[in-house]
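The first residue of the sequence shown is numbered 1, and numbering continues consecutively from there.
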Amino acid sequence: MKILNDRSKVFRYLEIPLSDKDNKKISKIVIDSRNVKEDCLFFGLEGQNTNGSLFAEEALQNGASLVVSSNKSIAMDSPNHIFHESPIDAMGKIASGIINDFTGNIIGVTGSSGKTTVKNLIQHTLNDCFGTIGNYNNEIGLPISVMNLSQNHKTAVFELAAGKPKDIDFLAKIVRPHFGIITSIGHAHLKQMKSIDGVLKTKSEIIPNIREGGFLLIPHIEYVDYWKSIRNDISVFTFGDHPDSDYRISMIESNEKLINFSVYVKEYGQTFDFVTNLLGMHNIQNITAAFICSQLIDDDYPAFQKRLEAFKNNENRLSVSRWINGSTVINDTYNANPESTVAGIKVLCDFPKRKIMIFGDMLELGILSDDFHKMIGNFAKDSNVDLFIGFGNKTKLSVKAYGKNGLFFNDAKKLNQFLAREIKKDDIIYIKGSRGMKMERFIEE
């Protein structure tokens, strides 16, 4: 049963006396009044195009158990309405109250890339683990995810996303994790964060919000000393292929379908072996982060190993399938930044076939956007990608940097026609681009 199962909890979390004895149940959280039915809790949020609080009356008429809105026109004594100047702040406060009532372990995952995969891995490999719903990882989505938490869960893992400074601090203050994980630091959202240092400081906002006596899991990269300096009352574990990593990755063997690798745990003086269908060194690091959580919470290596072998990631995150004319496509269209794109090209180049890349713009890179798009073209050329195709204004720079055998399209229909005509049976095609480019359109045609 969900912790938030009736409206008395909402009143308690918002520190408002419950004025009536009709304690209606709550079974669903809704932010679109058109989806309101009986037993719903509706929040009237202000968006770019409209203010949801204007539809508070409609939500009440549709049978909502409770409405939280900033609509002052609704009678103050309405038993089914709570007036709040900021419904989004109310969501955060309610979510914090639910976290206070939850008795299990809480894990917070952030990073420039890899956080969804790590979240999915943890949820799949731990017993009775709740995970962030879909991509509900921002100031609206995270509280909604928390509101679906059940006391039957032993662990909850939440993905914390940031578009600007202070976002991680806001989200981490809600969930107050026992375990904080930083997956990576990369050139994402530079338009808002200005520099890699801004990204580092924003992602690091999770550390002050880890509970006293908790755990920090970090990749053994150049920021290790900085991260360790922030707290001295939590345990820190590092992972990666660096010789000093607490969980050191080694013995990597791969083919087109599987990767075998080992992790040496310094604390135990013991090596653990794994097999996974996830591709890429970055995913081995993601698995290792999840393994550390498993060791600290379940301590069940055989169960983790078995569940890992059965784990399949979302279809648009380096998933491999058959495609046009019997070719093979690597679908990595969920999102893109320079680091994740380079990682994907490395995966592409592990395949012994004609290697083709279809590349869409990387967005939100600010003043460094041109440089990074040129870098990707050069990296693809140096990695011996056989055919490089750009789609999107910025990828013109990538195609130019790639040079010979580089093609640019600004018409999706013409690109589809080219692919249908030119892709051959033994080709391997890697498709990548930022979310706003919707590069999956070419796979779904």
Side-chain angles (χ1 to χ4, degrees), residues 112-121 124 134-135 137 159 183-184 186 188 254-259 276-287 310-363 376 379-380 383 385-392 395 398 407 409 412-413 415-445:
S112 298
S113 57
K115 52 187 175 292
T116 301
T117 298
V118 171
K119 182 264 295 185
N120 289 342
L121 281 161
H124 182 80
N135 62 347
N137 56 16
E159 182 181 335
T183 60
S184 61
S254 63
N255 57 39
E256 294 180 19
K257 295 182 179 180
L258 298 172
I259 297 178
T276 179
N277 56 47
L278 299 185
L279 302 177
M281 177 62 190
H282 61 296
N283 272 326
I284 296 176
Q285 295 216 136
N286 293 336
I287 291 166
F311 176 80
K312 294 186 183 300
N313 208 357
N314 296 349
E315 65 176 13
N316 54 4
R317 298 173 190 269
L318 284 174
S319 60
V320 179
S321 61
R322 287 294 173 196
W323 199 39
I324 298 171
N325 301 328
S327 63
T328 301
V329 64
I330 304 173
N331 181 353
D332 198 21
T333 59
Y334 176 75
N335 213 340
N337 61 39
E339 287 79 10
S340 66
T341 304
V342 165
I345 293 173
K346 290 178 180 178
V347 170
L348 169 66
C349 292
D350 283 340
F351 286 75
K353 300 179 180 179
R354 185 170 78 137
K355 294 171 276 291
I356 299 169
M357 180 171 179
I358 304 172
F359 184 42
D361 286 351
M362 299 180 294
L363 306 177
I376 293 300
F379 187 81
S383 300
V385 171
D386 297 298
L387 176 60
F388 186 91
I389 300 171
F391 180 79
T395 63
S398 307
L407 299 173
F409 288 84
K413 184 177 179 179
L415 175 52
N416 276 319
Q417 291 171 343
F418 173 84
L419 296 172
R421 184 177 66 249
E422 298 294 333
I423 296 296
K424 297 178 174 55
K425 180 179 179 181
D426 292 330
D427 291 343
I428 177 79
I429 303 95
Y430 174 58
I431 304 185
K432 183 71 166 176
S434 279
R435 183 87 303 272
M437 295 300 297
K438 299 181 180 179
M439 297 299 289
E440 67 275 7
R441 74 178 94 173
F442 299 108
I443 298 174
E444 295 166 354
E445 280 291 325

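- Taken to the nearest 0.5 Å, the CD1 atom of I443 stands 9.5 Å off from the CD1 atom of I324.
- Other residues, nucleotides and ligands contribute at most 12 non-hydrogen atoms within 6.0 Å of the NZ atom of K425.
- Checked by atom type and distance alone, the side chain of S184 never pairs as donor or acceptor with a backbone atom of G186 at under 3.5 Å.
- Shown here for N337 and S112, the closest heavy-atom pair between the two residues is ND2-O, 3.4 Å.
- The CD1 atom of I358 lies 11.5 Å from the CD1 atom of I330; values are rounded to the nearest 0.5 Å.
- Closest approach of F379 and K346 over heavy atoms only: CZ-CE, 3.9 Å.
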Subject >> Step-by-step side chain to side chain donor-acceptor pair (under 3.5 Å) determination, R322 to T328 >> reply: CA-CA 5 Å; R322 287 294 173 196; T328 301; 3.0 Å; yes

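- Checked by atom type and distance alone, the side chain of R435 pairs as donor or acceptor with a backbone atom of T333 at under 3.5 Å.
- The minimum heavy-atom distance linking M357 with T341 is given by the pair CE-CG2, 3.7 Å.
- A distance of 8.0 Å separates CG in N331 from CD in E444, rounded to the nearest 0.5 Å.
- Panel note: side chain S434, backbone A336; a donor-acceptor pair is recorded below 3.5 Å.
- Remark: K432 engages D332 in a salt bridge, criterion side-chain N to carboxylate O under 4.0 Å.
- Across every non-hydrogen atom of A380 and F388, the tightest pair is CB-CD1, 3.6 Å.
- For the pair W323 and D427, the minimum side-chain heavy-atom distance is 4.5 Å or more.
- To the nearest 0.5 Å, the span separating NZ on K257 from OG1 on T276 amounts to 14.5 Å.
- Residues K115 and E159 share a closest heavy-atom pair of CG-OE2, 3.7 Å.
- Residue T117 forms a side chain to side chain donor-acceptor pair (under 3.5 Å) with just one option from N286, T183, N313, and that option is N313.
- The two residues R441 and A412 make their nearest non-hydrogen contact at NH1-CB, 4.1 Å.
- Taking the six-membered ring where tryptophan is involved, the planes of F409 and F418 are tilted, since the angle between them lies from 30° to 60°.
- With rounding to the nearest 0.5 angstrom, the CE atom of M439 is 7.0 Å from the CG atom of L415.
- Using a 4.5 Å heavy-atom threshold, the side chains of V347 and Y430 count as separate.
- The structure places CG of D386 at 11.5 Å from CD1 of I428, a figure rounded to the nearest 0.5 Å.
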Original post:
Is there a side chain to side chain donor-acceptor pair (under 3.5 Å) between N325 and S327 once you walk through the steps?
Top reply: CA-CA 6 Å; N325 301 328; S327 63; over 6 Å; no

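- For an aromatic pair to be called close, the ring centres must be under 6.0 Å apart, and F442 with F391 satisfies this.
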**OP:** Apply the test side chain to side chain contact (heavy atoms under 4.5 Å, CB included) to residues I287 and L121: give CA-CA distance (whole Å), side-chain angles for both, the deciding distance (0.1 Å), then the verdict.
**Re:** CA-CA 7 Å; I287 291 166; L121 281 161; 3.9 Å; yes

